[in-house]
Amino acid sequence: MTTTSDLRITSFEPLPTPHDLIGEQPLGPEREALVAASRSAVRDVLAGDDDRLLLIVGPCSVHDPEAALDYARRLAAATRDLGDALCVVMRVYFEKPRTTIGWKGLINDPDIDGGHDVHRGLRLARTVLLDVLDTGLPVGCEFLEPTSPQYIADAVTWGAIGARTPESQVHRQLTSGLSMPVGFKNATDGDVQVAIDGVKAASHPQVFFGIDDEGRAAVVSTTGNPDCHIILRGGRTGPNYGPEPLAEALALLAKAGLPERLIIDASHGNSGKDHVRQAAVVREVAGRLAAGEKGIAGLMVESFLLPGRQEPGPVEGLTYGQSITDACVGWEETERLLVELADAVRAGRDAV
Ligand SMILES: O=C[C@H](O)[C@H](O)COP(=O)(O)O
Ligand SMILES: C=C(OP(=O)(O)O)C(=O)O
């Protein structure tokens with residue numbers, strides 16, 4: 001080592017290789033079939049070849065695997081009879097991008113105590129993914145760390161690039177090699193064009209630094225991902241889920257030569273992170289779907305067992321089933337919204 005290197009690194013701790021972790025917890029043929037079939041269904045909905053609504057619903061973040069699984073079982077049961085109208089993917093988010101600092105998710109700090117037991121976090125995340133798939137629900141998550149997908153992406157049906165990273169070359173390159181449809185969010189300042197640029201960049205083959213299955217640093221070459229789309233999540237300039245911002249975004253997509261279909265995120269900048277407002281946004285969008293409005297392929301809702309949020313900390317001291325990141329719609333309200341959304345999709349089919 002030289003006197004100029006690693007001056008601010010306190011430790012390097014080797015992780016298991018993706019090959020080893022996946023070997024410990026294999027996907028298995030039944031889950032693999034579910035992931036493949038649900039990816040294909042999501043692609044069809046995004047392309048407009050399937051007239052259902054893609055609904056990405058679930059907690060802002062997973063912090064308590066037991067509560068996440070409890071939620072998954074309820075969601076699977078509640079949506080069993082809504083499959084003619086809704087293509088449901090559960091939000092199972094393990095990596096949280098922060099505005100400044102804060103808890104960065106189950107993989108980074110599974111004990112929510114600053115211990116950062118990433119080894120445990122990775123294993124736990126994979127266990128949660130497999131358990132959720134066993135309820136019959138496909139899974140969606142945000143990809144934030146450029147190397148973590150090698151450990152979990154085989155189990156993921158839909159991915160997101162969050163509002164803090166649509167302009168990041170690293171995330172665009174990563175997405176170009178991901179095997180599932182991926183949504184790019186508009187930036188936190190409300191800029192939609194960066195998400196569209198992200199979709200375009202990710203659709204191209206890319207060559208970049210990454211890791212292989214054996215965890216070795218590698219030059220990664222990709223084919224490009226043709227299944228990307230944008231997500232309107234509002235921003236500092238206000239919400240963008242209304243008919244006017246939607247029309248503007250669709251026009252930008254058309255100008256870029258991309259399909260005029262997108263996802264609306266009812267949370268974040270579209271609700272001011274207020275879960276009561278979030279339910280109102282879902283109902284407004286449902287009304288528009290029932291009236292036959294075009295262009296909305298999907299909706300994202302942050303929902304958990306209890307409404308609202310609480311401050312993060314070790315699970316023993318937390319209220320069961322309540323978010324420790326953004327405020328979520330509670331379960332009873334979620335059940336009502338699921339039925340209302342399915343009815344809206346059915347009504348929209350008959351609208352002129
Ligand atoms: O979805 C979660 C949050 O909105 C995102 O992680 C940013 O949160 P923060 O602004 O509290 O850091
Ligand atoms: C972090 C998230 O959202 P955004 O990137 O829109 O802030 C999220 O969906 O968890």
Side-chain angles (χ1 to χ4, degrees), residues 54-63 68 71 89-109 112 114 125 128 139-145 148 152 156-168 170-172 174-175 180-192 194-196 198-199 202 228-241 245 249 262-275 277-278 281-282 298-304 307-313 322-329 334:
L54 171 61
L55 181 66
I56 298 147
V57 59
C60 177
S61 52
V62 172
H63 69 271
Y71 179 93
V89 172
M90 179 169 154
R91 269 184 68 109
V92 185
Y93 274 44
F94 299 120
E95 299 183 308
K96 299 309 293 177
R98 306 310 309 220
T99 303
T100 52
I101 52 165
W103 182 66
K104 291 195 282 187
L106 191 84
I107 292 179
N108 185 277
D109 189 13
I112 324 169
V128 173
V139 160
C141 68
E142 174 167 348
F143 291 111
L144 184 58
E145 295 285 352
S148 65
I152 56 172
V156 175
T157 288
W158 175 89
I161 297 300
R164 287 156 192 79
T165 44
E167 204 166 9
S168 151
V170 171
H171 291 81
R172 292 172 173 185
L174 165 69
T175 304
M180 73 293 292
V182 175
F184 279 78
K185 288 200 172 185
N186 67 254
T188 52
D189 65 3
D191 188 348
V192 174
V194 291
I196 293 175
V199 168
C228 297
H229 48 279
I230 66 165
I231 305 172
L232 298 182
R233 52 82 80 195
R236 277 195 286 281
T237 46
N240 61 5
Y241 68 89
L262 51 73
I263 294 179
I264 288 177
D265 174 4
S267 188
H268 303 103
N270 275 330
S271 65
K273 296 193 178 187
D274 171 351
H275 59 287
R277 178 77 205 124
Q278 193 187 163
V281 172
V282 174
L299 187 66
M300 174 180 283
V301 181
E302 289 193 311
S303 141
F304 206 7
R309 71 173 298 277
Q310 61 188 320
E311 285 306 313
Q322 191 176 47
S323 177
I324 63 167
T325 46
D326 290 346
C328 291
V329 178
T334 300

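When a ligand or atom number is given, it counts from 1 through the structure's own listing order.
Less than 4.0 angstrom separates some heavy atom of A163 from each of these atoms of ligand 2: 4 (P), 5 (O), 6 (O). Close contacts between ligand 2 and E142 involve ligand atoms 1 (C), 2 (C) [criterion: under 4.0 Å to a heavy atom]. Applying the 4.0 Å criterion to heavy atoms of R91 picks out, from ligand 2, the atoms 8 (C), 9 (O), 10 (O).
We find the CD1-CE distance between I56 and M90 to be 13.0 Å, quoted to the nearest 0.5 Å. Interatomic distance, S61 OG to I107 CD1, rounded to the nearest 0.5 Å: 12.0 Å. Going from atom NE2 of H63 over to atom OG of S323 covers 7.5 Å, rounded to the nearest 0.5 Å. Taken from OH in Y241 to CZ in R233, the straight-line distance is 14.5 Å, to the nearest 0.5 Å.
What sits closest to atom 2 (C) of ligand 2 on the protein, heavy atoms only, is H268 NE2, 3.3 Å. With respect to atom 10 (O) of ligand 2, the closest heavy atom belonging to the protein is K96 NZ, 2.6 Å. Closest protein heavy atom to atom 6 (O) of ligand 2: R233 NE, 2.7 Å.
For F94, there are no ring pair (Phe, Tyr, Trp, His ring centres under 6.0 Å) partners at least two apart in sequence or on another chain. With sequence neighbours left out, the salt bridge (Lys or Arg N to Asp or Glu O under 4.0 Å) criterion links R91 to E302. Residues forming a side-chain hydrogen bond (donor to acceptor under 3.5 Å, both in side chains) with N186 (at least two apart in sequence, or on another chain): N240.
If you check each of R98, E95, K185 against atom 4 (P) of ligand 2, the one with the closest non-hydrogen atom is K185.
Annotation: ligand 1 has protein neighbours C60, K96, P97, R98, T99, R164, H268, K273, D326, each with a heavy atom less than 4.0 angstrom from the ligand.
Below 3.5 Å of separation, one finds no N or O of G162 facing any N or O of ligand 2. At a 3.5 angstrom cut-off on N or O pairs, Y93 does not count as close to ligand 2.
Side chain of H171 to backbone of L144: a donor-acceptor contact under 3.5 angstrom is found. A donor-acceptor pair is defined here as one N or O able to donate and one able to accept, closer than 3.5 Å; such a pair exists between the side chain of N270 and the backbone of L232.
Contacts between P97 and ligand 2, counted as non-hydrogen atom pairs separated by less than 4.0 Å, involve the side chain only.
Ion pairing of D109 with K104 is absent here, as no side-chain N (NZ or NE/NH1/NH2) approaches a carboxylate O to less than 4.0 Å. Note on D189 versus R236: no salt bridge recorded, every NZ/NE/NH1/NH2 to OD/OE distance being 4.0 Å or above.
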